[in-house]
Structures are given as C-alpha cells and as structure tokens.
Amino acid sequence: MQRKKQNFIEGAAILVVASLIVKVIGAVFQIPLVNLIGGKDNPAFGLFTAAYRIYMTMLVISTVGLPAALSKMVAEATAGGREHEVRRIVKVAAVIFIPFGAVCSVALYAGAGVFSDLIKSADARFAVMAIAPSVLMVCILSVFRGYYQGRANMVPTAVSQVIEALGKMFVGLGLTYYAVGQGYDAPHVAAMAVLGVTIGEVAAAFYMVVRAALTRKKASVLSHGLNNAVRPFSQLCGQLLSLSIPITITSAVMSLTDLIDMALISARLQSPAIAMTSDQAMAIYGVYTGYAVNFFNLPQTLITAISVSVLPVIAGARAMQNFTKVSKTMSTAFRLTLLITLPAGAGFLLFGQQIVRLVYSKDTVLGGQLLQILGFAVPAVALVAITNAILQAFGRVDLPLISMFIGALIKICGDYVMVADPRLQIAGAPVSTTLCYWVIALINLVQIGRLSHGLPPFGRTVVRPIAATIGMGASSMICFTLLSRALAAAPGSVVDKLVTLVSIMVAVLVYGVLLLLLHAVEREDVLLLPKGEKIANLLRLK
C-alpha cells in the first residue's frame, strides 16, 4: 500500500516551522557578524556578501530548477501509481546534476579571481574560493529534496535546512571571531566567515545521503504491486531538462541581475557624482545588505516554504483532473502570502529605524532608512515566489521567464540611474528593487487569471488583510509615540528598545484580533500553526 501523503497544509506547516527555526539561527549568526565586521568603515561584510552573491548565481545555474522540476515529475508519477518510474526519475536527476555541480564547484574555485574582478570587488576572491565546494553539496541536496517534496514529505528538506543553518552559525561565527582576534585583514576575515556556509552544506548533504540509504529498503517493499510502467531514460531526461532549464533561466535572470546590481552599486557609488573609494562603496553595500536586506528576507523565507509546498500539490491535482483542489490550494496560498507579508511590509515601513536599532549598534540611521523603502517591496517579492510556483505547476515555465526578464531590465536601469544620483545614492537600490518586483508580480497575476479563468476572491484575499494591516499600523504607531514621549526614550537606548518591542507586540495582538473580526483568516490558515487544530477549534473556525 502506498504511503499516505501529507497534504499541502501539513507540508507547508513543516517548512514554515523549519524556516522560522532557520531564521532564528540565521539571526544568531548575522547579528553578531554584522556588529563584528560590518558598518560604513569596514568592507569585510560587504566582501562576505559579494562572495555569497557570486556563489548564489552559480548555484542558480547548476541546481535551482532541479527541486521544482523533480518534485513535479515525482508528484505526477506518484499520483499515477508509477513507483518504479519515480526511482528512475531520481536516478536521471542524479546522473545529470551531480556531475554538473562538481564542474561548477571547480569552475568557481579556479575562477574566483575572475568572478571577483567582474563585480568590482577583487578582494572577495578568497571568500569565493571558500564557498565554492557548496555548489556540489547543494546539487546533491537538490536531488533528494526534489524527490521528498514530490512525495509531499517536507521533513527531510526541513531538517537539512536546519543543519545548514547550524553549521553556518557555529563554524562561521567561530572562525570569524578567531580571524578577527588574530588580526586578519578584511578579505581573509570574510573568507573565514563564509567557510561556515560550506561546512553547513556538507553536513546537510551527509544527512540526506544517510537518510536515503536507511529508507531505501522500506521504499522498495512499499512499491510492490503498483503500476510497473516506466518511461525510457531518454524521455525522462528530456522532460526533466525541459522543466528545469526554463525554471533555472527564470531564477538565473534575477540572480544575474543581483550580481549586476552589486557591480552597478559599487561602480555607480564610485562615479564622479558620488566619488566614493572602492572600500567605501563595499562598506556601504555591506550596510545595505547586512542591515536592510537581512530583515527584508525574513518574511520571504516563510513564503518560500509555501511556494515549495504548493507546486507539487497543484501539479498532482492537475494530473488527476481535480480542479477543485487546484482552486482551493491557490486560494489558500495567496491568502497566506498576503496575511504574512502585508503586516511585515507595513512594520518595516513604519518601524524600520526602530527595528534596526533593536539589534545593531552602528550606522542604524542609514540601515533603517533603506529598510523602510524595502517595506514597500515585501508583498511584491512574496507574490512573485507564489505566482512563479503556480505557473510552473500549470506547466507554463516560460511565463515567469518573460516577467522576470522585464523586471530585471527595470532593476538594472533603475540602479544605473538612481544610485549615481547624489540625492539618492545607495537608496536608489531598494527603490529599483521595489519597482522591479511589483511589475513582475502584476504580470504573473494577469497570466494566472487568464490560465485559471479567475483569481481568488478579491475581498477575502486582499481587502480584509489590508484593512487589518491599516488598523495594526495605526495602533502600533500610537502606542510607540505615546510610550516614547512618556518615557523620554532616546533613540538606541534600552528604553527605546523596550518601547519598540512593546509596540510590536501590540501590533501582533491587534492584527490577530482584526483578522478574526473581519473573517480574514480561515481554518486552513490556522492549521499551519503548532497545535493548529486545537487553536482552530477554540476560535470556532470551520
């Protein structure tokens, strides 16, 4: 008998919890790291980020389309009872992508100097060399993650993500403190910090290999007596590549754009109109990524968990011609996306300065201003992730490529013009990011509406969460203003931080109450929480 599959809600819940754990671990890593090697006077964190961006670009080229394509194929084969074909699909993926990942790792290591020169940051080459082996490790991880996600089993992916984060935190921070204590220069400090990423990936890949080996025999017994139909190796290879290559190109567009973005920011800050030195430009870039972008990415992690879960569910439902399930899954995904990102974006917009002051000790004014601008982009980036996954599940992997390419052009042009404007400087980067992602999101939404003959109900999905967000924002700002004046809280003081935390707690409480009063939250949404069923019953959600 085939193992009972987890549904979309259960899978998303597992990844959401794992994502929260990963983000907490990431904060424990990033906050002391930025305080130790960040700021406008130290280029080390900028070099760390530069190496990581180069690595991510190579990673996108080598692996990013694999988990989505593999999970879609595995979900469809599993829905049809073709268990033997599932195993062959995984073998095809391993034969293609693991050797390719090895080649990419070697190329990244050998060409570290060339890649660093291309982004106007030659000192990043040591950090690039340190992170190069991670590409191969992630290729191995992607094969296993795609298989398990296609089975709607998100536990292995979740556990491996936590292992990655723990390795990065313990090894990366430990090596960074050692390097700083020994008086290493900025390029070598950055390399020691980024080495934690590589160690984390190695540990996660080892976990996946061991888990697969231990469960292989059990899977063979469960597959007995099912449909023995298996398509030829060449046909499966062709389908896997036809699905993964467009997804890879779609993601590579934005990854390459980020790389160009980094080079543009550095170059334009050094233009005659701004006249920064190379080290100054890299330090300012480190403030942007270390302060603003790190907070900006927090809600996106939860949305990524939802998008990973939604793709195989919709693909499997379409394969079984269950269009009711397709529509319901889409509605839940869109609603959850806005329920999470609208208040997050509003919080960054209203409390960007205060949030940055909570955890960082220097250059908080600039970091807070950049985070406030990025607040406008939070819902857009989340909608891009969800709509890309839905379009891929619909089999239209070409459509996200078009929208992402248009958005990339907007971002590159925006960076080129705005970052060299003395009135904006580095602030031009988050402005162009906001414009870029809203254009992509709107194009994708139009395409989904056309393919599915309609989008989820506008009032329940959009209007109610917006109304709750407005009420939340107003109440939290009133709370912060009154408490700050009553307690004479100086910016950055302990009292200021306490007032900020109290205001955030008030915002969360008010938002939750307004969601219930406006009937903006449904039972499926609450089931994502730990003990979600009990909470849903307590709130009498049906």
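These figures come from a predicted structure and were not determined experimentally.
Between L236 atom CG and E85 atom CD the span is 5.0 Å, to the nearest 0.5 Å. In this structure, CG in L70 is found 13.0 Å from CZ in R145, a value given to the nearest 0.5 Å. Rounded to the nearest 0.5 Å, atoms CG (L264) and SG (C413) are 9.5 Å apart. With values rounded to the nearest 0.5 angstrom, L399 atom CG is found 13.0 Å from I390 atom CD1. Separation of atoms CD1 (I314) and NZ (K328) is listed at 13.0 Å; rounding is to 0.5 Å. With values rounded to the nearest 0.5 angstrom, M192 atom CE is found 12.5 Å from L173 atom CG.
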Decide yes or no on ring pair (Phe, Tyr, Trp, His ring centres under 6.0 Å) for Y52 and Y55, but give the supporting numbers first. CA-CA 5 Å; Y52 196 81; Y55 154 71; 5.5 Å; yes
Test side chain to side chain contact (heavy atoms under 4.5 Å, CB included) applied to T433 and K411, step by step: CA-CA 6 Å; T433 295; K411 180 161 178 57; 2.6 Å; yes
Verify side chain to side chain contact (heavy atoms under 4.5 Å, CB included) between V162 and Y207, making sure each step is shown before the conclusion. CA-CA 11 Å; V162 174; Y207 157 78; over 6 Å; no
Under the criterion side chain to side chain contact (heavy atoms under 4.5 Å, CB included), I'd like the reasoning laid out for I406 against V439: C-alpha separation, chi angles, the key distance, then a yes or no. CA-CA 8 Å; I406 294 172; V439 169; 4.1 Å; yes
Could you walk me through whether V384 and M404 satisfy the side chain to side chain contact (heavy atoms under 4.5 Å, CB included) test, starting with their C-alpha distance in whole Å, then the side-chain angles of each, then the deciding distance to 0.1 Å, before giving a yes or no? CA-CA 9 Å; V384 168; M404 297 289 272; 3.9 Å; yes
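The minimum heavy-atom distance between L136 and S105, with the atom names listed, is N-OG, 3.0 Å. Here the closest heavy-atom approach between residue F334 and residue P456 is recorded as CD1-CG, 3.5 Å. Closest approach of A127 and L47 over heavy atoms only: CB-O, 4.5 Å. Residues A382 and T337 approach most closely at CB-CG2, 3.6 Å, considering heavy atoms. Taking both residues in full, the closest heavy atoms of V293 and R53 are given as CG1-NH2, 4.4 Å, listed atom of the first, atom of the second, then distance. Pairing each heavy atom of M208 with each of L141, the nearest pair is CG-CD2, 3.5 Å.
Looking only at side-chain heavy atoms (C-beta outward), F29 and I25 stay at 4.5 Å or farther from each other. The closest side-chain heavy-atom distance from V189 to F48 is not below 4.5 Å. Taking 4.5 Å as the limit, every side-chain heavy atom of I21 sits out of range of all side-chain heavy atoms of Q161. The closest side-chain heavy-atom distance from D261 to I412 is not below 4.5 Å. Side-chain contact between I448 and S452: present, with at least one pair of heavy atoms (C-beta onward) separated by less than 4.5 Å. Looking at heavy atoms from C-beta onward, Y291 lies out of side-chain contact with L370 at the 4.5 angstrom threshold. Within the 4.5 Å cutoff, no side-chain heavy atoms of N294 are placed close to those of T289. Contact annotation: the side chain of F45 approaches that of Q30 to within less than 4.5 Å [non-hydrogen atoms, C-beta and beyond].
Side chain of T434 to main chain of P430: a donor-acceptor pair is present (N/O by atom type, distance under 3.5 Å, no hydrogens or angles). Without hydrogens or angle criteria, R87 side chain to H84 main chain gives no donor-acceptor distance under 3.5 Å. Of the possible polar contacts, one joining the S242 side chain to the Q239 backbone as a donor-acceptor pair under 3.5 Å is found. The main-chain N or O of T157 is found under 3.5 Å from a side-chain atom of S160 such that the two form a donor-acceptor pair. A donor-acceptor pair under 3.5 Å links the side-chain atoms of S134 to the main chain of I131, judged by distance alone.
Geometrically, R211 engages Y148 in a cation-pi contact, judged by NZ or CZ lying under 6.0 Å from the ring centre and within 45° of the ring axis.
Remark: F394 CZ is packed, more than 12 non-hydrogen atoms of other residues, nucleotides or ligands lying under 6.0 Å away. With a 6.0 Å radius and a threshold of 12 heavy atoms from other residues, nucleotides or ligands, F206 has its CZ atom at or below the threshold.
A ring-centre distance under 6.0 Å is not found for F100 and F97.
With respect to the salt-bridge test (charged N to carboxylate O, under 4.0 angstrom), the residues K72 and E76 qualify.
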